Amino acid sequence: GAVVSQHPSRVICKSGTSVKIECRSLDFQATTMFWYRQFPKQSLMLMATSNEGSKATYEQGVEKDKFLINHASLTLSTLTVTSAHPEDSSFYICSARPQGGGSKNIQYFGAGTRLSVL
Amino acid sequence: QKEVEQDPGPLSVPEGAIVSLNCTYSNSAFQYFMWYRQYSRKGPELLMYTYSSGNKEDGRFTAQVDKSSKYISLFIRDSQPSDSATYLCAMSQSGNQFYFGTGTSLTVIP
């Protein structure tokens, strides 16, 4: 159990286009989902925390107009990189925390999306 | 001071060795402790989860939490080349915010 599906796994796009990444919890409901960015050989950098039905909370230095996050249901969150530029090229990973708290206070990660902006 | 400290390695061991990975933390309120394994270009995979103090064993993996010393460990017995990956520790006080170590890169040599 506790599977998080992230799609697409790889995307190559031209500069100026927008890219949408989907994150789905397949066998549990997630009131909270997290979006991370990871540079080569570095740890995870939290970009934003999204709660179902409310606006995402962005970390300092992350442009909310650049990285649009929508968490419309208990099983789906999306990250849209708007007007992507080469410096946005990175590995983006989502995670989901099961509803209920307590012993479920852990995160399950998607497989990640490698974004390359030409 | 960082919330979570983890030696980045790299750590290289021969196949069959016992591997010890460690993290220290500063926030005594942390209650939830996790170890993740991350292969190159993949998302982290949950290996072990511990609530509060104590030990937990799952196959070749043992997680230990020592809250008095603010120290957690992951032991891998009979290490295999397929264990070669980056290992991340993570912890949380209430599940609303998680703190990750920088990851330890492990290579198991056949």
Side-chain angles (χ1 to χ4, degrees), chain A residues 1-11 21 23-25 28 30-51 54 57 59-60 89-116, chain B residues 2-11 21 23 25 27 29-54 56 58 63 65 72 74 84-107:
Chain A
V3 177
V4 175
S5 172
Q6 186 173 342
H7 179 80
S9 59
R10 180 85 161 97
V11 60
I21 303 170
C23 182
R24 293 180 184 273
S25 55
F28 64 95
T31 46
T32 305
M33 289 187 171
F34 303 86
W35 287 95
Y36 295 86
R37 187 170 177 175
Q38 189 174 37
F39 293 100
K41 299 191 184 299
Q42 293 189 26
S43 190
L44 305 168
M45 184 186 80
L46 180 65
M47 298 175 65
T49 302
S50 87
N51 291 296
S54 61
T57 302
E59 295 299 301
Q60 192 172 9
S89 299
S90 190
F91 191 52
Y92 294 87
I93 313 175
C94 73
S95 72
R97 188 191 74 181
Q99 190 179 30
S103 63
K104 295 182 178 178
N105 277 331
I106 51 180
Q107 292 185 47
Y108 295 95
F109 286 86
T113 298
R114 185 158 304 279
L115 171 63
S116 299
Chain B
K2 285 184 181 179
E3 296 274 3
V4 180
E5 299 274 3
Q6 183 176 11
D7 185 343
L11 185 61
L21 304 166
C23 288
Y25 61 95
N27 187 344
F30 286 148
Q31 298 187 83
Y32 304 94
F33 303 92
M34 292 136 274
W35 284 97
Y36 292 89
R37 176 175 62 195
Q38 186 177 23
Y39 292 112
S40 180
R41 298 177 180 243
K42 297 290 184 183
E45 169 196 9
L46 180 68
L47 276 180
M48 300 288 283
Y49 163 70
T50 309
Y51 172 69
S52 193
S53 281
K56 191 171 186 178
D58 184 1
V65 175
I72 69 170
L74 177 71
S84 298
T86 296
Y87 290 80
L88 292 159
C89 63
M91 43 200 82
S92 176
Q93 178 178 343
S94 62
N96 292 322
Q97 196 167 7
F98 292 78
Y99 297 87
F100 288 84
T102 51
T104 299
S105 175
L106 170 68
T107 300

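Below, chains carry the letters A, B, ... as their sequence lines are ordered, and counting in each starts from 1. Since the model is a prediction, treat every value here as computed from it, not as a measurement.
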Under a 4.5 Å heavy-atom cut-off, does chain A meet the side chain of B:Glu45, its backbone, both or neither?
-> neither
Counting heavy-atom pairs under 4.5 angstrom with chain A, the leader among B:Pro44, B:Gly43, B:Pro8 is B:Pro44
Would you say B:Phe98 and A:Arg97 make side-chain contact, with heavy atoms under 4.5 Å?
-> yes
Might you point out which heavy atoms bring A:Ile106 and B:Tyr36 nearest each other, and give the distance in Å?
-> C-OH, 4.5 Å
Any donor-acceptor pair under 3.5 Å linking the side chain of B:Thr102 with the backbone of A:Ser43?
-> no
Taking all atoms of both residues into account, what is the closest heavy-atom pair of B:Arg41 and A:Arg114, and its distance?
-> CG-NH2, 3.3 Å
Working to the nearest 0.5 Å, report the span between CD of B:Gln38 and CD1 of A:Ile93.
-> 5.0 Å
Could you tell me which portion of A:Gln38 (side chain, backbone, both or neither) has an atom closer than 4.5 angstrom to a non-hydrogen atom of chain B?
-> side chain
